[in-house]
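Encoded as structure tokens, the structure appears first; notes follow it.
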Amino acid sequence: LRSFNSLLNDLLKGEKMGLFWKVYEGMIPGKISPDVYTFTTLVGAFCKIGNINEARRVFKEMGEKGCSPNAVTYNTLIAGLCRNGRVGEAFEMKREMAEKCLVADGFTYATLVGGLCKEGKSEEAKLLLDEMSKMGLKPNHVTYTTLIDGFMRQGDIEQAFALRDEMVKCGIQPNIITYNTLIRGICKMGKMDKAHELLHEMVQMGYKPDVFTYNLVIEGHCREQNLGKACALLEEMKKRNV
RNA sequence: UAGCUAUAAUUG
């Protein structure tokens, strides 16, 4: 069964959906019955293709088959709902978790924070941090980076950098994704000098600019009609094999 | 006493 589940996940990650369904259908009638992992993977698969109705159907049916959704299953569905702009329903699921005595964890909150941010409600998302600490949960890289991205997309650079400072104060060092997120925000605003400042800072901190970083900064320079700098970076990334 | 598999953040 574990091998089956692993196989299903590999197929899903490799976007081999045709094979994915064949393998899944092959396991149902046989001796091996799906477990929570299998069902959760299935819920995730439907979410991934944007078919929330099917995801919900699997979610409901697994319970009827004596295999109740656990916190991971809830988180998976909540992520699917958020990705599809159905944040209201996502919060409803969080409430349902509590009713079922399942504990919302860092994944749950980071997902909901992302959902709200995507709707342009970063302020509201930030309030979830308070709720988290009441629950005894500490925000991590993902939570902060998600929020920073949310504020950046709303054009609130101040708040984004304030959150960066806050995470550092809490002992969480920005990682490469955090840097890329900050760089994305300021490049979009055309502040290319500030972008290079951050680029320098991330190198100082021991991070190597990756494809994301280069693409963002190059695009920024192109938008500012500075093809010279864009090409220089392109050369640099070629030389570094990124 | 239950290992190994499932969920959240950045470019194109």
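In what follows, every heavy atom counts, from backbone to side chain, and hydrogens, waters and symmetry copies are set aside. Numbered from 1 within each chain, the chains take letters A, B, ... in sequence-line order. Every value quoted in this text rests on a predicted model; they were computed, and no experiment measured them.
Salt-bridge check for A/Arg56 with A/Glu89: passed, with a basic side-chain N closer than 4.0 Å to an acidic carboxylate O. A salt bridge links A/Glu197 with A/Lys194: the closest approach of a Lys/Arg side-chain nitrogen to an acidic carboxylate oxygen falls below 4.0 angstrom. Ion pairing between A/Arg164 and A/Glu201 holds under the 4.0 Å rule for side-chain N and carboxylate O.
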#### Entry: Per-nucleotide protein contact string for nucleotides 6-12 of chain B, where B marks a base within reach and S marks sugar-phosphate only (heavy atoms under 4.0 Å, - for neither)
BBBBBB-
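Judged as a side chain to side chain donor-acceptor pair (under 3.5 Å), the pairs with a partner in residues 223-234 of chain A (not counting sequence neighbours) are, in order, A/Glu219-A/Arg223.
In summary, the side chains of A/Asn75 and A/Thr108 do present a donor paired with an acceptor at a separation below 3.5 Å, with no hydrogens or angles considered.
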